[in-house]
Amino acid sequence: MSLSLDQIQFYRTNGYLIVDAFLTNEEVQLYQNEAQQLTNYCYEQGDIVADWGCVIEPLGCGYYDQVTQHAKSNRLGYIALRAQSVPRALPLCTLDKFGLCAQQLLSDNDQHMYLLNEQYIVKPPYSESAQFAWHQDVLYFSETQRQHSVVSVWTPLNDVSETNGTVLVEPFPDPMNPGVYRGEPGKGKFTAVMEAGSAIFMDGRLRHCSSGNHSASFRVVYMPQFSLGRIKRDGDSHAALAIPLEEPTYASPLDWREG
């Protein structure tokens with residue numbers, strides 16, 4: 001999937017980009033199925049809100065018996081591990097569809113892109129307290145790590161509005177000098193009302209938050225994160241995942257269906 005030059009410029013100016021119908025219905029179903037699997041598993045271990053903070057990482061929640069460094073830092077290793085429980089189409093979509101668009105937004109050249117993290121953000125019915133305060137993802141990293149540009153792709157698997165816990169964003173107040181912002185968000189903030197399968201690409205410096213779920217249904221979001229360059233901890237270990245992106249291995253969703 002290719003983004004237009006206007007879309008890329010809008011993202012770099014405002015710190016976000018909403019792409020309607022980013023995922024096909026088939027792709028949405030793939031992620032919904034895995035979200036259900038992982039949510040059921042996590043409920044066996046504890047409460048989704050109190051114990052998991054609404055965040056379920058496929059490779060970090062204990063669902064897989066063994067997650068090796070190879071699976072966390074090698075494309076083929078990652079795909080092989082994920083394919084133990086989901087169709088290969090899912091990790092390929094994450095790396096090739098999400099990843100290719102992230103690469104277009106962050107890089108004008110051949111700098112290496114990595115899958116940094118992936119998570120499902122699950123808000124159970126009537127979980128009004130399941131809110132995320134205004135924050136910037138960049139603040140989860142050290143000053144050295146912040147030298148790497150990061151994009152998060154917040155992708156609802158249900159239709160979302162303020163009623164069931166969608167995201168609120170504040171476009172860059174100063175597009176020429178985005179950074180760490182203090183104080184309350186300004187008048188430019190807005191609530192993203194989105195249909196299932198749409199996606200909002202968010203720069204790591206974008207301020208955003210989300211409301212609680214006041215509805216009678218689960219609200220589920222899939223959010224992969226990508227970095228320009230490999231983000232390391234002290235020493236030489238990577239911060240979370242460090243899976244390199246390569247050229248897409250399919251031309252259309254039909255090319256990577258199972259069977």
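When reading the values below, keep in mind they use all heavy atoms of this one structure, side chains included, and skip hydrogens, waters and symmetry mates. The shown structure was predicted, so the numbers you read here are calculated from the model rather than taken from an experiment.
- K72 contributes atom NZ, which lies 7.5 Å from atom CG of L59 (distance to the nearest 0.5 angstrom).
- For the pair Y43 (side chain) and I48 (backbone), a donor-acceptor distance under 3.5 Å is absent.
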For a side-chain contact (heavy atoms from CB on, under 4.5 Å) check, start with the C-alpha distance between T39 and I56, then their side-chain angles and the critical distance, and finish with the verdict. CA-CA 8 Å; T39 298; I56 303 174; 3.9 Å; yes
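- In this structure, N33 contributes its side chain and L30 its backbone to no donor-acceptor pair below 3.5 Å.
- A donor-acceptor contact shorter than 3.5 Å is absent between the side chain of W154 and the backbone of V167.
- Between V221 and P156, some side-chain heavy-atom pair lies under the 4.5 Å cut-off.
- Scanning both residues, T166 and A192, for their nearest heavy atoms gives OG1-O, 2.6 Å.
- Taking CG from L241 and CG from N117, the interatomic distance works out to 5.5 Å, rounded to the nearest 0.5 Å.
- Not counting sequence neighbours, the partners of S211 by the side-chain contact (heavy atoms from CB on, under 4.5 Å) test are E162.
- The nearest pair of heavy atoms linking Y63 to P58 is CB-O, 4.4 Å.
- Applying the side-chain contact (heavy atoms from CB on, under 4.5 Å) rule to P171 yields the partners N14, Y16, F190; only residues at least two apart in sequence or on another chain are considered.
- When the side-chain contact (heavy atoms from CB on, under 4.5 Å) test is applied to N25, no partner is found at least two apart in sequence or on another chain.
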The test is side-chain contact (heavy atoms from CB on, under 4.5 Å); show your working for Y31 and L90 and say whether it passes. CA-CA 7 Å; Y31 289 103; L90 189 152; 3.6 Å; yes
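- With sequence neighbours excluded, the residues satisfying ring-ring contact (aromatic ring centres under 6.0 Å, His included) with F201 are F22.
- Taking hydrophobic clusters as Ile, Leu, Val, Met, Phe, Trp and Tyr residues chained together by side-chain heavy-atom distances below 4.5 Å, V160 does not share a cluster with V49.
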Check the pair Q9 / L17 against side-chain contact (heavy atoms from CB on, under 4.5 Å), numbers first and verdict last. CA-CA 10 Å; Q9 185 57 51; L17 174 69; over 6 Å; no
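- Under a 3.5 Å cut-off, the side chain of S198 and the backbone N or O of A21 do form a donor-acceptor pair.
- Residues satisfying the side-chain hydrogen bond (donor to acceptor under 3.5 Å, both in side chains) criterion with T163, sequence neighbours excluded, are absent altogether.
- Every residue was checked against the side-chain hydrogen bond (donor to acceptor under 3.5 Å, both in side chains) condition with E195, not counting sequence neighbours, and none meets it.
- Of all heavy-atom pairs spanning Q7 and L105, the tightest one is O-CD2, 4.5 Å.
- Listed for the Q225 side chain is no donor-acceptor partner under 3.5 Å among the backbone atoms of S152.
- A single hydrophobic cluster is seen to contain both L106 and M1, as judged by linkage of ILVMFWY side chains at heavy-atom distances under 4.5 Å, directly or through other members.
- For the pair T155 (side chain) and A199 (backbone), a donor-acceptor distance under 3.5 Å is absent.
- Under the 4.5 Å side-chain heavy-atom criterion for Ile, Leu, Val, Met, Phe, Trp and Tyr, L100 and Y114 are members of distinct hydrophobic clusters.
- The CD atom of Q136 sits 9.0 Å away from the CG atom of D203 when rounded to the nearest 0.5 Å.
- How far CE of M202 is from CE of M223: 6.0 Å, rounded to the nearest 0.5 Å.
- Tracing side-chain contacts under 4.5 Å through hydrophobic residues (I, L, V, M, F, W, Y), one reaches I18 starting from F98; they form part of the same cluster.
- Summarising the geometry of C61 relative to Y41, their closest heavy-atom pair is O-CE2, 3.3 Å, with the distance given to 0.1 Å.
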Mind running side chain to side chain donor-acceptor pair (under 3.5 Å) on E118 and Y78 for me, showing each step along the way? CA-CA 12 Å; E118 61 175 336; Y78 166 78; 2.8 Å; yes
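- Side-chain contacts under 4.5 Å among hydrophobic residues (ILVMFWY), followed directly or transitively, place L168 together with W134.
- Within the 3.5 Å criterion, the main-chain N or O of G165 finds no donor-acceptor partner in the side chain of N213.
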Is there a side-chain contact (heavy atoms from CB on, under 4.5 Å) between Q37 and V86 once you walk through the steps? CA-CA 10 Å; Q37 281 181 283; V86 298; 4.1 Å; yes
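- Taking the six-membered ring for Trp and thresholds of 30 and 60 degrees, Y222 and Y120 have ring planes inclined between 30 and 60 degrees apart.
- Under the 3.5 Å distance criterion, the side-chain polar atoms of H208 are left unmatched by any main-chain donor or acceptor of E170.
- Among residues two or more places apart in sequence or in another chain, the ring-ring contact (aromatic ring centres under 6.0 Å, His included) test is passed with Y126 by none.
- Judged as a salt bridge (charged side-chain N to carboxylate O under 4.0 Å, His left out), not a single pair has a partner in residues 119-133 (not counting sequence neighbours).
- Contact of the L23 side chain with the C93 side chain is registered, since non-hydrogen atoms from C-beta on lie closer than 4.5 Å.
- Identified under the salt bridge (charged side-chain N to carboxylate O under 4.0 Å, His left out) test for residues 32-58, with sequence neighbours left out: E34-R82.
- Contact check for Y11 versus V151: side-chain heavy atoms found under the 4.5 Å cut-off.
- Looking at S85 and Y64, their side chains do bring a donor and an acceptor atom within 3.5 Å of each other.
- Considering all non-hydrogen atoms of both residues, R88 and A83 come closest at CG-CB, 3.7 Å.
- The two atoms that bring A71 and I243 nearest to each other are O-CD1, 3.8 Å, heavy atoms only.
- Taking S217 as the reference, nothing meets the side-chain hydrogen bond (donor to acceptor under 3.5 Å, both in side chains) condition, with sequence neighbours excluded.
- Using a 4.5 Å heavy-atom threshold, the side chains of L38 and W52 count as separate.
- Every residue two or more places apart in sequence or in another chain that forms a side-chain hydrogen bond (donor to acceptor under 3.5 Å, both in side chains) with N40 is listed here: Q36.
- Taking CG of D20 as the reference point, atom CE of M194 lies at 7.5 Å (rounded to 0.5 Å).
- For the atom pair F226 CZ and C101 SG, the distance stands at 9.0 Å (nearest 0.5 Å).
- At least one side-chain heavy atom of L228 sits under 4.5 Å from a side-chain heavy atom of M113.
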